Amino acid sequence: MDLAIAGRKALVCGASAGLGYACAQALAQEGVNLVIVARTPGPLEEAAQRLRQAGTGTVAFVVADVASPEGRARILAGHTDLDILVTNAGGPPPGDFRHWQREDWLAALDANMLAPIELIRATVDGMMDRGFGRIVNITSSAVKSPLEQLGLSNGARAGLTGFVAGLARSVAARGVTINNLLPGTFDTARLAGNFAAQAQREGRTPEEVRQARVAKHPARRLGQPEELGKTCAFLCSVHAGYINGQNLLLDGGSFPGVF
Ligand code: NAP
């Protein structure tokens, strides 16, 4: 299927690795011109080089922290005329809410709620003026099925989800859609870190934790980042123009409910 977005311009945040990289790769394969963002220069530059091989479009990169106003200003300085925005940042650390201070909550809100909202604020009106826009926020299955240890993530992402639900309806008539992707367990460095933390808490090895998780999963495997990337590219396509304001769970069927 031709997604009909070749030549469009996309900003993909948190894109040197993991799910963000997979989204950038899938868009590159569709001929989209990319601006990718992460905080660490070396891996980001290497990712940009790989993405140039993956597609026919251009690939620029900006070293920046999307959670900071300075970082966002640097990203947006040369790139406000976007057709596609994929928001993403690292998730907050796991832990016990009794230990979290106000600063911990503010850091989670900055990265996982306010950064996407600020990036949307800077770009959505231009998309509406030009009559086309696709915004995809990478959030978490925790929005639908919260995990106690990930309270910072549960709270911050729920705030973003509520905000987006309201905004999405007001932009649709001008050719813009806003949707959220909710990953379950995808095989990335972030997930390996979560397994390692759990292993330490429970006195097991990370591999034992991983195997136990896979054994309980209905698909008996972890998700591959490319699967989420391709879904993201479809949501950004012309064909997905009537999908708006949705929270799409990509968890291989883990969530046990009907809806
Ligand atoms: P990952 O493998 O750790 O990759 C994160 C990417 O984002 C890296 O490129 C990282 O590069 C960049 N990044 C992190 N913080 C950033 C910031 N503040 N500004 C700019 N770039 C930033 O993580 P992932 O597994 O792809 O997860 C992506 C998001 O999905 C996270 O919020 C995670 O919590 C969420 N999620 C993941 C899963 C899963 O199974 N993997 C499940 C549920 C939710 P730098 O560190 O160099 O900046």
Side-chain angles (χ1 to χ4, degrees), residues 11-26 34-48 50-51 61-76 85-94 106-116 118-119 136-147 149-158 160-161 180-198 209-210 213-214 217 219 221-229 231-232 247-252 254-255:
L11 170 64
V12 185
C13 301
S16 65
L19 304 179
Y21 178 81
C23 293
Q25 185 179 38
L34 292 172
V35 181
I36 61 168
V37 174
R39 295 166 301 180
T40 317
L44 183 63
E45 193 167 355
E46 286 164 25
R50 287 200 304 280
L51 291 168
F61 63 90
V62 183
V63 178
D65 181 348
V66 294
S68 78
E70 301 76 27
R72 289 191 295 274
R74 205 160 49 249
I75 298 164
L76 295 166
L85 168 65
V86 180
T87 75
N88 181 36
L106 291 179
L109 293 173
D110 272 339
N112 300 113
M113 177 182 171
L114 300 177
E118 285 295 300
L119 290 169
V136 177
N137 304 298
I138 298 179
T139 66
S140 174
S141 59
V143 169
K144 192 156 167 139
S145 191
L147 294 169
Q149 286 291 321
L150 295 177
L152 290 169
S153 172
N154 302 339
R157 296 189 202 276
L160 174 66
T161 305
N180 304 319
L181 286 178
L182 282 56
T185 44
F186 279 83
D187 200 359
T188 67
R190 156 87 179 174
L191 188 66
N194 287 353
F195 285 165
Q198 187 181 343
V209 171
R210 179 191 173 97
R213 186 73 69 87
V214 166
H217 196 286
R221 69 176 179 88
L222 303 176
Q224 291 306 309
E226 296 74 23
E227 295 174 296
L228 184 138
T231 308
C232 175
N247 289 285
L248 184 55
L249 187 61
L250 283 86
D251 72 345
S254 274
F255 183 74

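Counting starts at 1 for both ligands and their atoms, in listed order. All of these numbers come straight from a predicted model, not from anything done at the bench.
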Original post:
For atom 20 (C) of ligand 1, which candidate among Ala64, Cys23, Gly18 provides the closest heavy atom?
Top reply: Ala64
**OP:** Flag Val37 as yes when one of its N or O atoms lies below 3.5 Å from any N or O atom of ligand 1, and as no otherwise.
**Re:** no
**OP:** Flag Leu191 as yes when one of its N or O atoms lies below 3.5 Å from any N or O atom of ligand 1, and as no otherwise.
**Re:** no
Original post:
Using heavy atoms and a threshold below 4.0 Å, how should the contact between Thr139 and ligand 1 be classified: side chain, backbone, both, or neither?
Top reply: backbone
Subject >> Protein heavy atom at shortest distance from atom 32 (O) of ligand 1 >> reply: Ala89 O, 2.5 Å
**OP:** Kindly confirm or rule out an N or O of Asp65 lying under 3.5 angstrom from an N or O of ligand 1.
**Re:** yes
Original post:
Quick one: which ligand 1 atoms are inside 4.0 Å of a heavy atom on Ala189?
Top reply: 2 (O)
Original post:
Got an N/O contact under 3.5 Å between Gly20 and ligand 1?
Top reply: no
Subject >> Any N or O of Ile138 closer than 3.5 Å to N or O of ligand 1 >> reply: no
Original post:
Does NZ or CZ of Arg190 fall inside the cone over Phe195's six-membered ring, less than 6.0 Å from its centre and within 45° of the axis?
Top reply: no
Original post:
Where is the nearest protein heavy atom to atom 41 (N) of ligand 1: which residue, which atom, and how far?
Top reply: Thr188 OG1, 3.0 Å
Original post:
With backbone taken as N, CA, C and O and side chain as the heavy atoms from C-beta onward, which portion of Arg157 lies under 4.0 Å from ligand 1: side chain, backbone, both, or neither?
Top reply: side chain
Subject >> Contacting atoms of ligand 1, where contact means under 4.0 angstrom from a heavy atom of Thr40 >> reply: 45 (P), 47 (O)
